[in-house]
Amino acid sequence: MKVENQKAWYFVMPVLLLVAFNALIPMMTVVNYSVQETFGDNLFFWQGLDWFEKLLRSERFHAALGRQFLFTGTILAIEVPLGVIIALAMPRKGFWVPVCLVTMALPMLIPWNVVGAMWNIFTLPDIGLLGYVMNHTLGINYNMTQDPLAAWITIIVMDVWHWTSLVALLSYAGLVSIPDAYYQAAKIDGASAWSVFRFIQLPKMKQVLIIAVLLRFMDSFNIYTEPFVLTGGGPGNSTTLLSIDLEKMALGQFDLGPAAAMSLIYFAITLLASWLFYTLMTRNN
Amino acid sequence: MLSWMAWTWPTALVFIGIFSAMAVLTALEIRYPGGAERRGIFGLVTTRGDRLFMSLLGAVYIFLAWLGLFGLPLWAPLFLSVAWGAFCFWKV
């Protein structure tokens, strides 16, 4: 057996320490909270698995989870194809490349709470540009503060605006890495545009697309700031996604035990979905 | 010093269990390097660490499903989890 140099481990130590303090120890604390009840003052009472049992059977949790899957599914179904189409349409060389790249990157540079505030002001029915034009110029009844459907459309359009660029830029990076020889060979064989996409571009983009979908899945599944600032989870509970519900429970109601149990279930879902997706997509490499 | 972490014996035992399993894997890795990589029954290439991860994640879901569908006591899901873990290390 060849003896390998194990020095690299020392270089990983700082990161391990950092992760231990900002992720592992808080995570362990959450596990401890999830089996106890507290009224503050660092006094804890053993509760067993009650919180988990109650949560798994709670209508409120099921509804928030359903909304979360609906949101994540919808934005993935829009952002991934749209991002790929934009990447295909972007120029490969010349003056317009940097212009396109910078324009695409702009939405991603804006802080999340600013995005929420921008879209809130933009879509308010009487003073926002979009809201005013829709209601008073076009005569379409649109009020995201009262109508659940309008609120849903607004948060989805906001997320598409904010994050499609990520998919587009990653796909673009995959596209420009394809050597010209592939296209020349396709041309000689008389391949159609669809065949070029299906058998050259898509396979070459696969790796970056996997990362793009994974990032968009995790970010959208854990999304909090933007819908919180835009709709506050309303009207009613119609846009209360999982993280907003979790915050209401943990900070609004100060139910630390149930909130800890919910965080752990939330974490388990994110972990399984990400692991399954990544494992299945990279299985044959 | 650790009172803010609100430790309980059952949760401490869970973590001791997980960290001991990781320590055993580390010891095995030093003794037999390479992670015992193989292509298992699902067509996935897995190492010992992957199998432990799948066993633990599977156990979480087995317990949660039982708790949500049937509630306490949890002897049956414990048995199922051990069986699932054995299956992971044996076949996957």
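These numbers come from the heavy atoms of this one structure, side chains and all, not from hydrogens, waters or symmetry mates. Lettering of chains follows the sequences in order, A, B, ..., and the numbering in each one begins at 1. This structure is a prediction, so every number in the text was calculated from the model and none was measured.
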Item checked: Rounded distance (nearest 0.5 Å) linking atom CG of A/Leu272 with atom CE of B/Met54 -> 10.0 Å
Check: Got a second to check how far B/Leu78's CG is from B/Ile62's CD1, nearest 0.5 Å?
Finding: 10.0 Å
Heavy-atom proximity to chain A below 4.5 Å, by part of [X]:
X: B/Leu69; result: backbone
X: B/Phe42; result: backbone
X: B/Phe70; result: backbone
X: B/Leu57; result: side chain
X: B/Val60; result: side chain

Select one option (side chain, backbone, both, neither) describing which atoms of [X] are under 4.5 Å from chain B's heavy atoms.
X: A/Phe52; value: both
X: A/Leu256; value: neither
X: A/Val31; value: both
X: A/Glu53; value: both
X: A/Ile269; value: both
X: A/Ile25; value: both

Next item on the list: Go through the steps to decide whether A/Phe197 and A/Trp194 satisfy the test ring-ring contact (aromatic ring centres under 6.0 Å, His included), and finish with yes or no.
Entry: CA-CA 5 Å; A/Phe197 175 71; A/Trp194 169 251; 5.7 Å; yes
Check: Should A/Asn113 and A/Phe228 count as side-chain neighbours, where that means a heavy-atom distance under 4.5 Å?
Finding: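 They are not in contact (no side-chain heavy atoms under 4.5 Å apart), so the answer is no.
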Check: Any sub-3.5 Å donor-acceptor pair from A/Gln36's side-chain atoms to B/Ala6's backbone N or O?
Finding: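 Flag set: sc A/Gln36 to bb B/Ala6 pair under 3.5 Å.
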Next item on the list: Verify the distance criterion only: is there a donor paired with an acceptor across the side chains of A/Asn32 and A/Thr29 at less than 3.5 Å?
Entry: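 There is no such pair (donor and acceptor under 3.5 Å, judged by atom type) between the side chains of A/Asn32 and A/Thr29.
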Margin query: Restricting to non-hydrogen atoms, name the atom on A/Ile178 and the atom on A/Gln201 that form the minimum distance, rounded to 0.1 Å.
Written below: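 So the two residues come closest at CD1-CA, 3.8 Å.
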Checklist line | A/Trp163 ring center within less than 6.0 Å of A/Trp112 ring center | finding: yes
